[in-house]
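Remember, predicted model here, so these are calculated numbers, not experimental data.
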Amino acid sequence: MPIASEPGPGAEPVPQFSAWRKGVAGVLAKVRRVDIAELPDEPEHLLDETTYDGLTIAPLYTRRDELPEQPLPGTYPFVRGSDATRDVHRGWYVSAHFTGHDAAAVNREILAGLESGISAVWLGVGERGVPVAELPVALSGLLFDLAPLTLDAGTAAVDAAAQVFTALDGYAAASRKEIQVSLGAAPLTSRFAGTADLELAATVTLAGTAAARAETVRAITVDGTVFHNAGASDAQELGAAIAAGLAYLRALSEGLDIADALEQVSFRFAATDDQFATVAKFRAARQLWARVAHVCGAPNFGGAPQHAVTSAAMMTQRDPWVNMLRTTLAAFGAGVGGADTVTVLPFDSALPPGELGISKSFSDRMARNTQLLLLEESHLGFVQDPGAGSWYVEDLTSALAAKAWEFMQELEAAGGYLAALDSGLLAERIAATKAARDADVAHRKTAVTGVNEFPNLAERPLSEQARQADRVARYGATFEALRNRSDAFLAEHGVRPKALLVPLGSVAEHNVRVTFIANLLASGGIESINPGPLEVSGIAPAATEAGAPIAVLCGSDKRYGAEAGAAVEQLRAAGVETVLLAGAAKAVAELSDAQRPDGFLTAKIDAVAALSDLLEKVGA
């Protein structure tokens, strides 16, 4: 029988929905200063948001959005998790990435990390870490049946695997299947990233060797983070990864049956500070791969392991301490989304080692403790898939999976993953998304705290090494490049580029625009000089004292109508080269050319272009 909160047959699923919609209409009409009758019949859709995948995020989800309940974890299509009996006291595996070249030192780091809370090891080998010949030294003391091992060996994957297999042959374990090893071969995704890796043929041979082992060994990692770090949307990251996975299955099927082939593949995806999008991404990824397994005739083998790595693209060089908050949200989303293993990048990972004057052990400990707090204090591992049943999470998971499948089909229609890669189609689609995101960041529609919003100009300038471009399409990179120009100006002149703020009228009249302009200018490395409220007669002396080549008028539109023209004349007479106005041009439409400002700063401008132009004007 229905529970008390369920409506009867034929009844409105959400009896209060009409009242809520009416309330939304009232607020929107007031904000937009229109009559309610001028709003659409469903005014709540004016509050919808659209993702880079074209998915609609509604302002409210109710029983109207309810979808059929997904099967329990461990059951096809694995949306709720691939492991039905995951240890709730462990939750997901807490992984750390070890990339040092001194095998003995790396071994000490690994053992110390295991003693301090990590439960999985991700180890760089060869050019990416310890020498292959010294791999046994790095792995000394590792309990393989308790801590899963993932290799990051690139072209050395075969030799590294041989070393690991030798170590395993001499390792006693009650159950060989409990030993989990990922050899990390990733030729197809590494090819997209432009990094060296095994050839596909060698990877197939390695997978055959791995499949014959008594332990649980997977040879192949489909690394979706390379698409994410190039600027891909969530659906593009998932769709490209599934397409790459299909390419592997086709290659593996020549020597392995489909079940064994599926058991040679694992996935790695990026987790961002958009927590609900991250939750949905990992749930959708399992659904997509399960569908592939089902089509291939082996649905029970579609629960491939997932390794979540906090996004490198979301990390900032400026105000990097904020990255601790970003990675906390990302780890939360990945854990709640059901990732099997999670690696949190250190908060200073976008900077060269030692750039902040802190030890590597400190940043590693913060990364590790981020996960331990979520598991040990917040108990997120106690429940599998806690987002299940949420109308929002279920709807977003379903929509994201459909869009990702559509993108995978586009790549397949182009001839498959490799053909789409070689033709440039994959890169072209991802580049278009990156351009859209860059535009949103440049227009400050997308906030990057500490970079294009609330920047700290008092930060110590970055080193020359830190200012070098890297492969990752970081969201705040264009603004950080402006800050680099400001730092160079500071090093040469002893002061930063400056702009005079000219507050007109009372504080109540100009405060909002003064705050907006100061924040905007600082995001480009330009320091604001605020002399406080100015009468027109006091503008020229203030400008002379400041000695700034740029000035920005800040006040109300009404005040501009009365004083902006005279203020512009005063500033130009005092030698100010560029006079701008905080607001739209229509506020001074009646002024003569001689009294009009040189430009206008509003919330809709391309801030990167505008700030770059101002830096050029001052010689930075």
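Sorted by first and then second residue, the pairs that involve residues 604-616 and meet salt bridge (charged side-chain N to carboxylate O under 4.0 Å, His left out), not counting sequence neighbours, are Asp613-Lys617.
Remark: Glu453 engages Arg444, Asn519 in a side-chain hydrogen bond (donor to acceptor under 3.5 Å, both in side chains) (not counting sequence neighbours). Judged as a salt bridge (Lys or Arg N to Asp or Glu O under 4.0 Å), and not counting sequence neighbours, Arg368 has no contacts. For Asp319, the salt bridge (Lys or Arg N to Asp or Glu O under 4.0 Å) test picks out no residue, with sequence neighbours left out. Every residue meeting the side-chain contact (heavy atoms from CB on, under 4.5 Å) condition with Ala243, not counting sequence neighbours, appears here in chain and number order: Met408, Leu411, Tyr417. For Arg90, the side-chain contact (heavy atoms from CB on, under 4.5 Å) partners are Arg86, Asp87, Tyr93, not counting sequence neighbours. For Asp348, the salt bridge (Lys or Arg N to Asp or Glu O under 4.0 Å) criterion is met by no residue, not counting sequence neighbours. Ala280 is linked by a side-chain contact (heavy atoms from CB on, under 4.5 Å) to Leu396, Thr397, Leu400, counting only residues two or more places apart in sequence or in another chain. The salt bridge (Lys or Arg N to Asp or Glu O under 4.0 Å) search around Asp487 returns Arg318, Arg496, not counting sequence neighbours. Residues passing the ring-ring contact (aromatic ring centres under 6.0 Å, His included) test with Phe489, sequence neighbours excluded: His493. Scored by the side-chain contact (heavy atoms from CB on, under 4.5 Å) test, Ser361 finds Ser359 as partners (sequence neighbours excluded).
Within the 4.5 Å cutoff, no side-chain heavy atoms of Asp234 are placed close to those of Leu55. With a 4.5 Å cut-off on side-chain heavy atoms, Leu123 and Leu135 count as touching. Residues Phe347 and Leu356 have side chains in contact (heavy-atom distance under 4.5 Å, counting atoms from C-beta outward). Contact of the Asp197 side chain with the Thr203 side chain is not registered, since no non-hydrogen atoms from C-beta on lie closer than 4.5 Å.
In this model, no donor atom of one side chain and acceptor atom of the other lie less than 3.5 Å apart for Asn107 and Ser140. Ser463 and Glu355 share a side-chain donor-acceptor pair at under 3.5 Å. Under 3.5 Å, the side chains of His228 and Ser311 contain a donor-acceptor pair of N or O atoms.
Taking each heavy atom of Ala156 and Gly126 in turn, the nearest pair found is CB-CA, 4.5 Å. When all heavy atoms are compared, the tightest approach of Pro533 to His510 is CG-CE1, 3.6 Å. For Ser528 against Ala518, the heavy-atom pair with the smallest separation is OG-CA, 3.5 Å. The shortest heavy-atom contact between Ser119 and Leu114 is CA-CD2, 4.4 Å. What you find for Leu601 and Phe516 is that their closest heavy atoms are O-CE2, 4.1 Å. Closest heavy-atom contact between Ala120 and Thr341: CB-CG2, 4.2 Å.
The environment of CD in Glu199 is sparse: at most 12 heavy-atom neighbours from other residues, nucleotides or ligands sit within 6.0 Å. Within 6.0 Å of the CD atom in Gln468, the count of heavy atoms belonging to other residues, nucleotides or ligands exceeds 12.
A side-chain hydrogen bond (donor to acceptor under 3.5 Å, both in side chains) with His307 is found for exactly one of Thr225, Thr343, Thr150, namely Thr343. Applying side chain to side chain contact (heavy atoms under 4.5 Å, CB included) to Phe267 and the options Ile242, Thr221, Asp223 leaves one that passes, Ile242.
Taken to the nearest 0.5 Å, the OG1 atom of Thr602 stands 10.5 Å off from the CG atom of Leu581. Atoms OG1 and CZ, from Thr189 and Arg268 in turn, are 8.5 Å apart once rounded to the nearest 0.5 Å. If you take CZ on Arg365 and OG1 on Thr370, they are separated by 11.0 Å, rounding to the nearest 0.5 Å. Here OG of Ser523 is found 9.0 Å from CG of Leu457. Values are rounded to the nearest 0.5 Å. Within the model, atoms CE of Met315 and OG1 of Thr310 stand 5.5 Å from one another, a figure rounded to the nearest 0.5 Å. Taking CZ of Phe227 as the start and CZ of Phe269 as the end, the distance is 9.5 Å to the nearest 0.5 Å.
Salt bridge absent: Arg483 and Glu480 never bring a charged side-chain N and a carboxylate O closer than 4.0 Å. No salt bridge links Arg108 with Asp102; every basic N to acidic carboxylate O contact stays at or beyond 4.0 Å.
Using a 30° and 60° split on the angle between ring planes, His97 and Trp122 fall in the parallel class, below 30°.
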Could you go through residues 421-429 and list every donor-acceptor pair under 3.5 Å that involves a side-chain atom there, pairing it with any protein atom two or more places apart or in another chain?
unit_1: Asp422; atom_1: OD1; unit_2: Arg191; atom_2: NH2; d: 2.6
unit_1: Asp422; atom_1: OD2; unit_2: Arg191; atom_2: NH2; d: 3.1
unit_1: Ser423; atom_1: OG; unit_2: Ala419; atom_2: O; d: 3.1
unit_1: Ser423; atom_1: OG; unit_2: Ala420; atom_2: O; d: 3.2
unit_1: Ser423; atom_1: OG; unit_2: Leu425; atom_2: N; d: 3.3
unit_1: Arg429; atom_1: NE; unit_2: Glu410; atom_2: OE2; d: 2.6
unit_1: Arg429; atom_1: NH2; unit_2: Glu410; atom_2: OE2; d: 2.8

